[in-house]
Amino acid sequence: MKIIMLGAPGAGKGTQAKKIAEKYSVPHISTGDIFRANIKNGTELGTKAKAYMDQGLLVPDELTCDLVVDRIQQKDCENGYILDGFPRTIPQAEALDRALKAMGEKIDYAINVDVPDSSIVNRMSGRRACTSCGATYHIVYNAPRAEGVCDACGEKLILREDDKPETVQKRLSVYHEQTQPLIDYYEAAGVLKTVDGTADMEDVFAAIVHILGE
Ligand code: ADP
Ligand code: AMP
């Protein structure tokens with residue numbers, strides 16, 4: 001089962017991708033998480049990516065595509081995977097298609113988590129991310145047991161630099177310009193499924209399970 005999560009930043013892609021990964025036993029591949037891990041580890045890729053991420057811009061395709069193409073060829077991807085945050089541009093989708101074609105494979109579902117812009121700033125300003133294990137929370141909709149502390153690993157939770165309202169506006173305009181065209185791209189490929197991302201997390205997940213099957 002090869003799945004792509006589509007949707008605006010803050011729509012709930014990561015939240016749902018983690019649940020899908022657990023239920024269907026496939027790896028969750030988040031390019032945002034990969035870049036943040038590289039920043040944390042001080043790699044050259046991390047340094048390059050950070051300059052774009054901090055401004056709410058996309059990391060260039062040449063730093064992103066090969067990374068994902070390599071990742072999906074690893075052994076744990078044999079039975080499928082969930083791509084979260086990739087592709088984000090038409091050239092990225094085309095690079096993925098080329099790689100899949102060479103492997104004799106294809107994407108089964110592109111799940112579009114639909115949330116209006118008016119809800120996004122609220123979602124992202126309330127998002128808290130664990131500095132250690134990458135778990136995410138929301139101060140109202142999915143609060144951790146103790147304020148500022150990760151339920152999963154006990155480390156500190158932070159408001160991501162790029163979740164501050166000034167950067168969120170930029171990320172939303174980048175989304176509409178560069179990523180939203182992927183909705184038509186995957187519609188044309190016959191794999192697009194849209195779910196209402198404004199519903200409660202469990203209801204969004206139930207809608208996704210209905211699409212993917214029990
Ligand atoms: P994305 O991966 O699309 O950027 P996240 O999954 O990190 O988005 O979700 C963004 C924020 O919104 C997080 O704080 C998350 O806890 C919260 N969230 C996710 N889904 C829902 C939902 N259905 N209702 C309310 N809040 C949600
Ligand atoms: P995310 O965690 O998915 O919200 O991604 C955080 C940031 O990482 C984005 O705002 C981009 O700067 C960068 N990023 C993540 N995935 C990609 C991608 N596929 N292409 C370009 N930039 C990306």
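Every number for a ligand or one of its atoms is a count from 1 in the order of the listing. Throughout, residue positions are numbered sequentially from 1 according to the sequence presented. Here the structure is a predicted model, which means the values were calculated and not measured. Only this structure's heavy atoms are used, side chains among them; waters, hydrogens and symmetry mates stay out.
Ranking protein heavy atoms by distance to atom 1 (P) of ligand 2, first place goes to Arg88 NH2, 3.6 Å. Residue, atom and distance of the protein heavy atom nearest to atom 19 (N) of ligand 2 are Gly85 O, 2.8 Å. With respect to atom 18 (N) of ligand 1, the closest heavy atom belonging to the protein is Met201 CE, 3.5 Å. Shortest contact from atom 24 (N) of ligand 1 to any protein heavy atom: Arg123 NH2, 3.5 Å. If you check which protein heavy atom lies closest to atom 7 (O) of ligand 1, you get Arg127 NH1, 2.6 Å. Scanning the protein heavy atoms around atom 10 (O) of ligand 2, the nearest turns out to be Arg171 NE, 3.5 Å. Protein heavy atom nearest atom 14 (O) of ligand 1, with residue, atom name and distance: Tyr137 O, 2.7 Å. Protein heavy atom closest to atom 11 (C) of ligand 2, with residue, atom name and distance, is Leu57 O, 3.6 Å. With respect to atom 16 (N) of ligand 2, the closest heavy atom belonging to the protein is Thr31 OG1, 2.7 Å. Of the protein's non-hydrogen atoms, Val59 O, 3.2 Å is the one closest to atom 21 (C) of ligand 2. Protein heavy atom at the shortest distance from atom 15 (C) of ligand 1 is Thr15 OG1, 3.8 Å. Atom 23 (C) of ligand 2 has its closest protein heavy atom at Phe35 CE1, 3.8 Å. Among protein heavy atoms, atom 20 (N) of ligand 2 sits closest to Gln92 NE2, 2.8 Å.
Heavy atoms of Met5 found under 4.0 angstrom from ligand 2: none, in either backbone or side chain. Contacts between Asp200 and ligand 1, counted as non-hydrogen atom pairs separated by less than 4.0 Å, involve the backbone only. Of the heavy atoms in Asp61, none comes closer than 4.0 Å to ligand 2. Only the backbone of Ala199 comes within 4.0 Å of ligand 1, counting heavy atoms alone; no side-chain atom from C-beta on gets that close. The side chain of Thr64, and not its backbone, has at least one atom closer than 4.0 Å to an atom of ligand 2 (non-hydrogen atoms only; side chain from C-beta on).
Side-chain contact between Leu96 and Phe86 is present, with at least one heavy-atom pair separated by less than 4.5 Å.
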Passes side chain to side chain donor-acceptor pair (under 3.5 Å), Asp117 versus His176? Steps please.
-> CA-CA 10 Å; Asp117 286 10; His176 289 301; 2.8 Å; yes
Please walk me through it: do Asp163 and Arg171 pass salt bridge (Lys or Arg N to Asp or Glu O under 4.0 Å)?
-> CA-CA 9 Å; Asp163 280 351; Arg171 293 173 70 195; 3.0 Å; yes
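The environment of OH in Tyr52 is sparse: at most 12 heavy-atom neighbours from other residues, nucleotides or ligands sit within 6.0 Å. Within 6.0 Å of the CG atom in Asn79, the count of heavy atoms belonging to other residues, nucleotides or ligands does not exceed 12. With a 6.0 Å radius and a threshold of 12 heavy atoms from other residues, nucleotides or ligands, Glu44 has its CD atom at or below the threshold.
By the 3.5 Å distance cut-off applied to N or O atoms, Asp162 is not counted among the residues near ligand 2. In terms of polar-atom proximity, Arg36 is counted as a contact of ligand 2, with an N or O under 3.5 Å from an N or O of the ligand. Considering backbone and side-chain N/O atoms, Arg127 never comes within less than 3.5 Å of an N/O atom of ligand 2.
Ligand 1 places these atoms under 4.0 Å from at least one heavy atom of Gly197: 23 (N). Taking every heavy atom of Gly14 and a limit of under 4.0 angstrom, the matching atoms of ligand 1 come to 1 (P), 2 (O), 6 (O). Residue contact check: Tyr141 has heavy atoms under 4.0 Å from atoms 25 (C), 26 (N) of ligand 1. Residue-ligand proximity, Ala8 to ligand 1, at heavy-atom distances under 4.0 Å covers atoms 3 (O).
Residue nearest to atom 4 (O) of ligand 1, selected from Ala129, Gly10, Ala11: Gly10 (by heavy-atom distance).
A donor-acceptor pair under 3.5 Å links the side-chain atoms of Tyr137 to the main chain of Asp151, judged by distance alone. For the pair Asp196 (side chain) and Thr198 (backbone), a donor-acceptor distance under 3.5 Å is present.
Using a cut-off of 4.0 Å between Lys/Arg side-chain N and Asp/Glu carboxylate O, Lys164 and Asp162 are scored as not salt-bridged.
Under a cutoff of 6.0 Å and an axis angle of 45°, Lys193 and Tyr109 do not form a cation-pi pair.
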